[in-house]
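First comes the structure, then the notes that go with it.
Reminder, nothing fancy here: chain letters follow the sequence lines and each chain counts from 1.
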Protein chains: 2
Amino acid sequence: MSSAAEVRTIALAEFAASGYAATSVQRIAILAGLSKSAVLYHYSSKEILLQSAVQPALDTMEAMVSTLESCAFDDAAREAFIVNFVDFLLAHRLEVYLFINQGPTLIDVAVAHRANAVVLRLANFFDRSTSTVQDRMRFSIALGGAAYMLCSERYLKRQQTPDAVTRLALVTIMSELLAPVGTRPARS
Amino acid sequence: MSSAAEVRTIALAEFAASGYAATSVQRIAILAGLSKSAVLYHYSSKEILLQSAVQPALDTMEAMVSTLESCAFDDAAREAFIVNFVDFLLAHRLEVYLFINQGPTLIDVAVAHRANAVVLRLANFFDRSTSTVQDRMRFSIALGGAAYMLCSERYLKRQQTPDAVTRLALVTIMSELLAPVGTRPARS
DNA sequence: TCAGGTACTGACCGATCGGTCAGTTATGCT
DNA sequence: AGCATAACTGACCGATCGGTCAGTACCTGA
């Protein structure tokens, strides 16, 4: 892996684990075995480093939400979205965790506005497709809960579950949480 | 409200909303209409201010988990715990949000160890009372999701739901998420 | 061989951080 | 009134922050 890519990977992990504000460029440099100047050579500022680290995930999520908004939201589409979304969460858990629980704190970071906007678009989409308070709450819990679950395994001792197992269970739980009232499946 | 209590309240809100590391004592002072020195007069350090702000919630949660661990965990106890826990979440949403998604980042803050420990105790308790990966995931999602949902309402536009309504819906959702496989209720 | 670009370093900048301290104002008891 | 104590301020401290800059080692194509 190139130095630049390695710095990006390390920065993403540190931003997610310790917070953007609490992670210094100096610390990222040390973890990458470089000087602070070298990090700022590859990425001209800390903010641009964050942006570079989360951009691919953000692009993917924006595309997913756009697709969702532009098609009829029947049961099949809902099911397909959940599977896609779970795969997205598994592939970009650090980015999602970062957006979800640091989004509001990064008020003067440009890329955070994009992140907050796309989360809000998704939330509003589910708001429009349901009418009850409980269903809105279910969406928030599914989103925030999945992001938390996927990253809390790591820092609490708890054994790491293989992605394939996590994927199946998460699809089940998300389907249950996001199913509209009246069609919610009974679980055995 | 006394100055000291006001500072504590403001600090808790800011720590939860913007992160402990990203919130300066100076900022808390300005929001409270005081000088930085005045804040450090009431609370001798930033860390002690955090500790003072979250201590009541932490005491309550430790007591709740102790009660849980010391009684038979039948269906009635599970149901009673969920109701108590939801009330706890509603009363201390900021503290829980702070613990849940800043706990791991505050590695050298003493009170964070207590917070992480009690969360881990609760997680391990549910681990022991179930055997499936999915049930463990359900617990994480319920905890992280509830914390996220209760605080995301505030900073996203979304209308504030009255606590009484939130309480009922949250008890329903948490019961569904935390019910052991085989007894999970069908929802209409 | 040597010019030029890439990757990097260390010294340094102003700003802000958490925290200390001497001194000042306000309050309340005797 | 007088005085202790509580509440608070502003100046200041060393450390660290994000970021700049001049300089250097190294590789590559001409």
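Minimum atom distance to the side chain of B:Lys36 is reached by C:dG19, of the listed D:dC8, C:dG19, D:dG18. Side-chain atoms of B:Tyr41 lie closest to D:dC8 of the nucleotides D:dC8, C:dT9, D:dC17.
In terms of position on DNA chain D, the residue among A:Ser44 and A:Gln26 whose nearest nucleotide sits closer to the 5' end is A:Gln26.
Geometrically, A:Lys46 engages A:Tyr20 in a cation-pi contact, judged by NZ or CZ lying under 6.0 Å from the ring centre and within 45° of the ring axis.
Not a single donor-acceptor contact under 3.5 angstrom links the side-chain atoms of A:Lys46 to the base of D:dG19. Interface remark: the B:Ser37 side chain does form a donor-acceptor pair with the D:dG10 base, using a distance-only criterion of under 3.5 Å. A:Ser45 contributes no side-chain N or O that forms a donor-acceptor pair with the base of D:dG18 under 3.5 Å.
Within the 4.0 angstrom heavy-atom criterion, only backbone atoms of the sugar-phosphate kind lie near B:Thr23; the bases stay farther away. In this structure, B:Ser24 reaches the sugar-phosphate backbone alone: every heavy-atom distance under 4.0 Å involves primed, P, OP1 or OP2 atoms, never a base.
Between B:Leu40 atom CG and C:dA22 atom P there is a gap of 16 Å when expressed in whole angstrom units. Distance, B:Ile28 CD1 to C:dG19 P: 11 Å, rounded to whole Å. In this structure, B:Leu34 atom CG and D:dA6 atom P are separated by 18 Å, rounded to whole Å. Summarising the geometry, the separation between CD1 on A:Ile30 and C1' on C:dT9 is reported as 14 Å, rounded to the nearest angstrom.
In B:Arg78, the CZ atom is crowded: over 12 heavy atoms of neighbouring residues, nucleotides or ligands sit closer than 6.0 Å. The number of heavy-atom neighbours closer than 6.0 Å to CD of B:Glu69, taken from other residues, nucleotides and ligands shown, is above 12.
Between A:His42 and the phosphate of C:dT6, there is no side-chain N or O to OP1/OP2 separation shorter than 4.0 Å.
Between A:Phe126 and A:Phe81, the ring planes lie tilted relative to each other; the angle falls in the 30° to 60° range.
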